[in-house]
Amino acid sequence: MQEHLIIFDTTLRDGEQSPGASMTKEEKVRIAWQLEHMGVDVIEAGFPAASNGDFEAVRAVAESVKESIVCGLARAIEADIRRTGDALNNTGPSRIHTFIATSPIHMKNKLRMSPEQVIEQAVKAIKWASEYTDNIEFSPEDAGRSEIDFLCRIIEKVIEAGAKTINIPDTVGYTMPEQFGKLIRTLREKIPNSDRAVFSVHCHNDLGLAVANSLSAVLNGARQVECTINGLGERAGNASLEEIVMAVRTRQDYFPCDTKINTKHIVPASKLVSGITGFPVQPNKAIVGANAFAHESGIHQDGVLKHRETYEIMRAEDVGWGANKLLLGKHSGRNAFRSRLKELGIELESEEVLNNTFMRFKELADKKHEIFDEDLQALVSDEALVPQERYRLLSLKIRCETGETPYACIVISDHGNEMQAESDGSGPVDATFCAIEKLLRSGAQLQLFSVNNITSGTDAQGEVTVRLQKSDRIVNGHGADTDIVVASAKAYLSALNKLHSKLERAHPQV
């Protein structure tokens, strides 16, 4: 009988620490619903002690999710743990995840604590957490560079104190797969009470080895993997959920365990996270990239046509790809629209949001001949931004002619007050951005401008991502429209809305 491999998703916590990937409370709840729908075991919703915004987001997720366990992260500090306990109190199934650094470089230079003091603090943290729940996880931060004998000592003590899950993080993506697998095996063999806890891993992708290290750990006894949708995360990201799940599922001849993930929801989850964060998925990304199941070579095409398994080890439809045309049009009613949303695993928080999204769908149906599921995902993502909008695009006029300087005239609503400005530029998008800045004078610096097509065809919606930086804050804006210049204006305003929002952000592990 196959053992259960627990999937611990940290998209809402570690994934959000990607520069520009900040999420609102409402966006976190939407992603959490999708993760629950997909069958994720544990959802790490945030770091409640980091800010009031994070506290409220963790609480909202914990109140909304009923099937998955909702987890909050806390340093091994009493105030952090009590704040996390308060965020999760009187909600559904919950877990407190506490951590303290254990590598010599961290203990000496960051914590300025002796090894004995670190052990003492870790045990205290477990006891504080046990006042709120018996589902406690402990992480020795930077375990990949920690001394093995010290790791054994501290892990034995925290298990004895009540930790039920021991997570071994490769915090800086330093270890090699063989080393990391050996570390997990050694810990399980040397720690006397290791059988009383589930061993978990949390790998970063600095050397591109997060998935390989995680799978090596699974082969050596780890039964929980911490990962994120699309591999989102700090620096080079975390282990990718979709790659972990499909590697284990595809190679059941090799792995002694399996997850309970409904893999048909992987692609919708990927698109949702990409849409909310504004981080496009690269076309050649495994499992969820647009080219993941595409074949250009004539030899490959011939082989696949004759027998799919000659060049495909998975079925595209098993991870959520398929004939994705939305069989709705401008004459479709709300019930048909609502049913299709449900089929796609999309839940909207209120009837008002449903009505607004439906009206935007009708407007899009007047512009496009064919509507696809990807278009619908983009509409839902755009609609989710409306309640937080301070600035809203009302109209945009562009003049672009060969041999003439491009010109833009834009009308924006600021808290309901209309403002208008016009500007020249090196191109229509540049003219549009200059006109916005003439009105709002944000002082932000443009760091990234990215354009992708949501679907195929000349009438496809364009998806634009804009990254802005102001002081030490970086945000991503996202916009979609059949007119790429309009999509660019929406994306720029979306980023400015985030810059002006009151959502507090903090990076507690830094």
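Position 1 is the first residue of the sequence, and the numbers go up from there. Values below: all heavy atoms of this structure, side chains included; hydrogens, waters and symmetry mates excluded.
Panel note: side chain Ser18, backbone Gly233; a donor-acceptor pair is recorded below 3.5 Å. Under a 3.5 Å cut-off, the side chain of Asp14 and the backbone N or O of Thr10 do not form any donor-acceptor pair. For Asn497 (side chain) and Tyr391 (main-chain N/O), a donor-acceptor pair under 3.5 Å exists by modelled atom type. Not one N or O on the side chain of Ser494 forms a donor-acceptor pair closer than 3.5 Å with the backbone of Gly477. The closest donor-acceptor contact from the side chain of Asn230 to the backbone of Leu232 lies at 3.5 Å or more, if one exists at all. A side-chain donor-acceptor contact under 3.5 Å links Glu36 to the backbone of Glu67. A donor-acceptor pair under 3.5 Å is absent between the side-chain atoms of Asp41 and the main chain of Ile6, judged by distance alone.
More than 12 heavy atoms of other shown residues, nucleotides or ligands fall within 6.0 angstrom of atom OH in Tyr407. With a 6.0 Å radius and a threshold of 12 heavy atoms from other residues, nucleotides or ligands, Lys66 has its NZ atom above the threshold.
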Q: Kindly determine whether Leu468 and Tyr492 satisfy side chain to side chain contact (heavy atoms under 4.5 Å, CB included), including the steps that lead there.
A: CA-CA 8 Å; Leu468 298 181; Tyr492 200 92; 3.8 Å; yes

Next item on the list: For the pair Lys438 and Glu422, evaluate salt bridge (Lys or Arg N to Asp or Glu O under 4.0 Å) and give the outcome as yes or no after the intermediate values.
Entry: CA-CA 8 Å; Lys438 186 178 287 188; Glu422 54 187 35; over 6 Å; no

ask   = side chain to side chain contact (heavy atoms under 4.5 Å, CB included) between Arg467 and Leu446: does it pass, once the steps are laid out?
value = CA-CA 6 Å; Arg467 182 175 298 166; Leu446 180 65; over 6 Å; no

What do the steps show when you test Glu44 against Arg95 for side chain to side chain contact (heavy atoms under 4.5 Å, CB included), and what is the final call? CA-CA 9 Å; Glu44 190 168 54; Arg95 173 184 296 184; over 6 Å; no

- List the steps and the verdict of side chain to side chain contact (heavy atoms under 4.5 Å, CB included) for Met246 and Ile266. CA-CA 10 Å; Met246 292 312 296; Ile266 285 177; 4.1 Å; yes

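Residue Asn238 holds its CG atom at 11.5 Å from CD1 of Ile229, rounded to the nearest 0.5 Å. Note that OG of Ser139 is 7.5 Å distant from CG of Leu73, once rounded to the nearest 0.5 Å. Atoms CG and CD, on Asn167 and Glu226 in that order, are 3.5 Å from each other to the nearest 0.5 Å. Put simply, CZ on Phe180 and CG on Asp170 are 5.5 Å apart, with the number rounded to the nearest 0.5 Å. Once rounded to the nearest 0.5 Å, the distance linking CG of Asp430 with OG of Ser423 reads 7.5 Å. Atom-to-atom distance recorded for Cys71:SG and His97:NE2 is 6.5 Å, nearest 0.5 angstrom.
Because its NZ or CZ atom is not both nearer than 6.0 Å to the ring centre of Phe358 and within 45° of the ring axis, Arg338 does not count as a cation-pi partner of that residue.
Taking every heavy atom of both residues into account, Lys498 and Ile276 meet most closely at NZ-O, 3.8 Å. Summarising the geometry of Asp86 relative to Arg59, their closest heavy-atom pair is O-NH1, 3.1 Å, with the distance given to 0.1 Å. Across every non-hydrogen atom of Thr228 and Glu242, the tightest pair is O-OE1, 4.1 Å. Contact record, Ser216 with Pro177: OG-O, 2.7 Å, taken as the closest heavy-atom pair. Smallest separation of non-hydrogen atoms from Arg13 and Phe47: CG-N, 4.1 Å. In this structure, Val40 and Ser68 approach most closely via the heavy-atom pair O-OG, 2.6 Å.
Here the rule is salt bridge (Lys or Arg N to Asp or Glu O under 4.0 Å) with Lys28, and of Glu16, Glu63, Glu56 only Glu16 fits it. Of the residues listed (Val319, Ile287, Val281), the one engaging Ser270 in a side-chain contact (heavy atoms from CB on, under 4.5 Å) is Val281, and it is the only one.
Side-chain contact between Arg83 and Val58: absent, with no pair of heavy atoms (C-beta onward) separated by less than 4.5 Å. Looking only at side-chain heavy atoms (C-beta outward), Ile410 and Leu393 come within less than 4.5 Å of each other.
Note on ring orientation: taking the six-membered ring where Trp is involved, the planes of Phe449 and Phe433 are perpendicular (angle over 60°, cut-offs 30° and 60°).
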